[in-house]
Amino acid sequence: MGIDMDMHPNAPVLLDDGRPAGPRVRFDGVAVDLGGASVLRDIDLDLAERRIGVLGLNGSGKSTLGRLVNGLVAPTRGRVTVDGLDTVADGRAVRRKVGFVFQAPENQIVLPIVGEDVALGLKTLGASRKDAAAGARRALERFGLGDLVDRSSHSLSGGQRQLVALAAVLVMEPALVVFDEPTTQLDLRNRNAVARAIDAMDAAALVITHDLDLVAGYDRCLVLEAGRVAFDGAPAEAVRFYRERAA
Ligand SMILES: Nc1ncnc2c1ncn2[C@@H]1O[C@H](COP(=O)(O)OP(=O)(O)OP(=O)(O)O)[C@@H](O)[C@H]1O
Ligand SMILES: [Mg+2]
């Protein structure tokens with residue numbers, strides 16, 4: 001897609017057609033040690049593509065990489081910035097730009113009624129009760145989930161839960177959404193619904209997945225191996241690389 005990164009290190013990146021790309025996420029000499037173990041090391045990345053995949057074996061550091069982007073994990077060494085904002089020092093501002101959809105959405109849905117849960121983010125951003133409720137209803141309707149607005153969050157199926165979690169993040173209009181295994185545990189229909197929802201987002205997406213079909217057509221794909229970026233390029237080659245290494 002020919003993104004030109006040879007400019008000011010935090011300048012917005014434009015696509016060939018002049019549209020702004022995703023927010024600029026930079027990892028500079030990043031390492032993460034957790035519980036005395038080295039989980040990530042030597043990470044230097046300059047990301048601005050709208051659809052980025054992250055592949056890698058269990059334990060290779062994918063979730064940790066995703067969490068660094070919105071400051072859920074702090075680097076032990078080095079620095080992560082989003083549009084020049086430090087994910088640790090400017091954590092609050094970064095989390096306004098970067099939404100996160102967790103691997104287990106039951107950990108993400110906190111309020112007992114679906115509509116209230118989706119409205120929560122809007123209230124946090126200062127919306128009135130009425131505006132937040134209306135915004136939540138619109139966000140759910142966008143995913144064909146309008147009839148769930150008054151349902152108990154606990155009564156949702158796994159697929160509905162994943163889509164509600166996505167609606168709750170998108171309602172805050174993030175510039176980038178990090179997804180940690182968004183299609184794991186979903187049947188084919190819900191997997192396809194989530195894949196389409198990601199494709200249709202205005203926001204940029206960084207998608208951590210074991211679902212290799214999901215990243216086809218993405219702009220860039222990373223493969224992590226034992227805490228390092230072992231491949232960085234087009235999705236087809238990334239999948240080939242990953243298959244060979246995993247064999
Ligand atoms: N808080 C922690 N304390 C100690 N070790 C941790 C901690 N969090 C993660 N790790 C270790 O760091 C490594 C990478 O974990 P991470 O969750 O980033 O991997 P992953 O690629 O997302 O794996 P999976 O595909 O299984 O989700 C693993 O070995 C994990 O056990
Ligand atoms: Mg993980």
Side-chain angles (χ1 to χ4, degrees), residues 25-45 47 49 51-82 87-88 91 94-95 98-109 158-159 161-163 165-166 168-169 174 176-187 190-191 194-195 197-198 204-216 218 220-233 235 237-247:
V25 180
R26 293 187 52 126
F27 288 70
D28 291 302
V30 171
V32 175
D33 300 339
L34 289 171
S38 166
V39 173
L40 287 175
R41 63 200 112 153
D42 305 330
I43 309 285
D44 288 290
L45 289 167
L47 307 170
E49 289 77 4
R51 294 291 176 269
I52 300 169
V54 181
L55 309 177
L57 298 177
N58 293 137
S60 56
K62 304 180 298 300
S63 294
T64 307
L65 184 91
R67 289 183 178 138
L68 282 165
V69 178
N70 77 341
L72 283 172
V73 167
T76 309
R77 289 178 291 285
R79 191 162 186 258
V80 181
T81 56
V82 179
T87 56
V88 177
V94 166
R95 280 184 284 277
V98 184
F100 200 103
V101 178
F102 289 88
Q103 187 162 359
E106 49 274 18
N107 299 337
Q108 179 144 16
I109 297 173
R161 202 168 284 159
Q162 190 62 265
L163 287 170
L166 178 53
V169 168
L176 168 69
V177 181
V178 178
F179 292 88
D180 196 349
E181 300 196 29
T183 60
T184 310
Q185 297 171 14
L186 299 186
D187 68 22
N190 280 320
R191 180 258 175 224
V194 168
I198 295 172
L206 181 90
V207 184
I208 296 162
T209 188
H210 296 289
D211 177 345
L212 302 182
D213 292 334
L214 197 60
V215 301
Y218 280 15
R220 182 168 176 182
C221 192
L222 312 175
V223 182
L224 296 194
E225 255 179 21
R228 286 196 167 90
V229 178
F231 183 92
D232 178 356
E237 282 90 71
V239 167
R240 199 173 311 134
F241 176 91
Y242 178 59
R243 281 190 200 284
E244 278 169 17
R245 292 305 184 102

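All values reported here derive from a predicted model rather than from experimental measurement. Note that ligands are numbered from 1 as they come in the structure, with each ligand's atoms numbered from 1 the same way.
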A.B. asks: Just which atoms of ligand 1 are under 4.0 Å from any heavy atom in H210?
C.D. replies: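 Here the atoms of ligand 1 in question are 25 (O).
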
A.B. asks: Pairing donors with acceptors under 3.5 angstrom, does anything connect the side chains of D211 and T183?
C.D. replies: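 A pair is found: one side chain offers a donor N or O, the other an acceptor, under 3.5 Å apart.
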
A.B. asks: Which atoms from ligand 1 have a heavy atom of S60 less than 4.0 Å away?
C.D. replies: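 Every atom of ligand 1 under 4.0 Å from some heavy atom of S60: 19 (O), 21 (O).
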
A.B. asks: Side chains of L45 and L222, heavy atoms from C-beta outward: is any pair under 4.5 Å?
C.D. replies: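 Yes, their side chains come closer than 4.5 Å.
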
A.B. asks: Measure across D44 and G29 and return the closest heavy-atom pair with its distance rounded to 0.1 Å.
C.D. replies: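 For D44 and G29, the tightest heavy-atom pair comes out as OD1-N, 2.7 Å.
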
A.B. asks: Does the side chain of F27 reach to within under 4.5 Å of the side chain of V80, using non-hydrogen atoms?
C.D. replies: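 Of all side-chain heavy-atom pairs linking V80 with F27, at least one is under 4.5 Å.
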
A.B. asks: Can you tell me if, anywhere in T64, an N/O/S atom lies at a distance from the Mg ion (ligand 2) that is smaller than 2.8 Å?
C.D. replies: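 Here the distance criterion (N, O or S atom, under 2.8 Å) is not met by T64, so no.
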
A.B. asks: Quick test: of every protein heavy atom, which one is nearest to atom 25 (O) of ligand 1, and how far off is it to 0.1 Å?
C.D. replies: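 The closest heavy atom on the protein side is K62 NZ, 2.7 Å.
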
A.B. asks: Note the single closest protein heavy atom to atom 26 (O) of ligand 1, along with its residue, its atom name and the distance in Å.
C.D. replies: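 The closest one turns out to be N58 ND2, 3.1 Å.
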
A.B. asks: Among all protein heavy atoms, pick out the one at the shortest distance from atom 7 (C) of ligand 1; state its residue, atom name and that distance to 0.1 Å.
C.D. replies: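 The closest one turns out to be L34 CD1, 3.5 Å.
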
A.B. asks: Looking only at non-hydrogen atoms, which of G36, A37, S63, S38 approaches atom 22 (O) of ligand 1 most closely?
C.D. replies: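 Among G36, A37, S63, S38, the closest heavy atom to atom 22 (O) of ligand 1 belongs to S63.
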
A.B. asks: Is the shortest distance from a heavy atom of G56 to ligand 1 less than 4.0 Å?
C.D. replies: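 Checking ligand 1 against G56, which is what was asked, there is no heavy-atom contact under 4.0 Å.
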
A.B. asks: Considering only the protein, which heavy-atom contact is closest to atom 29 (O) of ligand 1, and what is its distance?
C.D. replies: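 Minimum-distance protein heavy atom for atom 29 (O) of ligand 1 reads G59 O, 4.0 Å.
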
A.B. asks: Note the single closest protein heavy atom to atom 27 (O) of ligand 1, along with its residue, its atom name and the distance in Å.
C.D. replies: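 Nearest neighbour among protein heavy atoms for atom 27 (O) of ligand 1, to 0.1 Å: E181 OE2, 3.4 Å.
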
A.B. asks: Could you tell me if the side chain of R191 sits less than 4.5 Å from the side chain of L214, heavy atoms only?
C.D. replies: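 SC-SC contact between L214 and R191 confirmed.
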
A.B. asks: Tell me, do I43 and L65 make a side-chain contact under 4.5 Å, heavy atoms counted?
C.D. replies: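 SC-SC contact between I43 and L65 confirmed.
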
A.B. asks: Is it true that R67 lies under 4.0 Å from ligand 1, counting heavy atoms only?
C.D. replies: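 Not so, R67 does not reach ligand 1.
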
A.B. asks: Should the proximity of T64 to ligand 1, defined as any heavy atom under 4.0 Å, be assigned to the side chain, the backbone, both, or neither?
C.D. replies: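 Answer for T64: both.
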
A.B. asks: Are the side chains of P182 and I198 in contact, using a 4.5 Å heavy-atom criterion?
C.D. replies: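 Yes, at least one pair of side-chain atoms sits under 4.5 Å.
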
A.B. asks: Any salt bridge linking R77 with D33? Criterion: basic side-chain nitrogen under 4.0 Å from a carboxylate oxygen.
C.D. replies: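 A salt bridge links R77 with D33.
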
A.B. asks: Relative to ligand 1, is L57 under 4.0 angstrom through side chain, backbone, both or neither, heavy atoms considered?
C.D. replies: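 Backbone only.
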
A.B. asks: Please check this pair: side chain of K62 against backbone of L57, looking for a donor-acceptor N/O pair closer than 3.5 Å.
C.D. replies: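 Here the side-chain-to-backbone pair exists.
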
A.B. asks: Is there a polar contact between ligand 1 and V39, counting only N or O atoms under 3.5 Å apart?
C.D. replies: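 N/O-N/O distance below 3.5 Å does not exist for this pair.
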
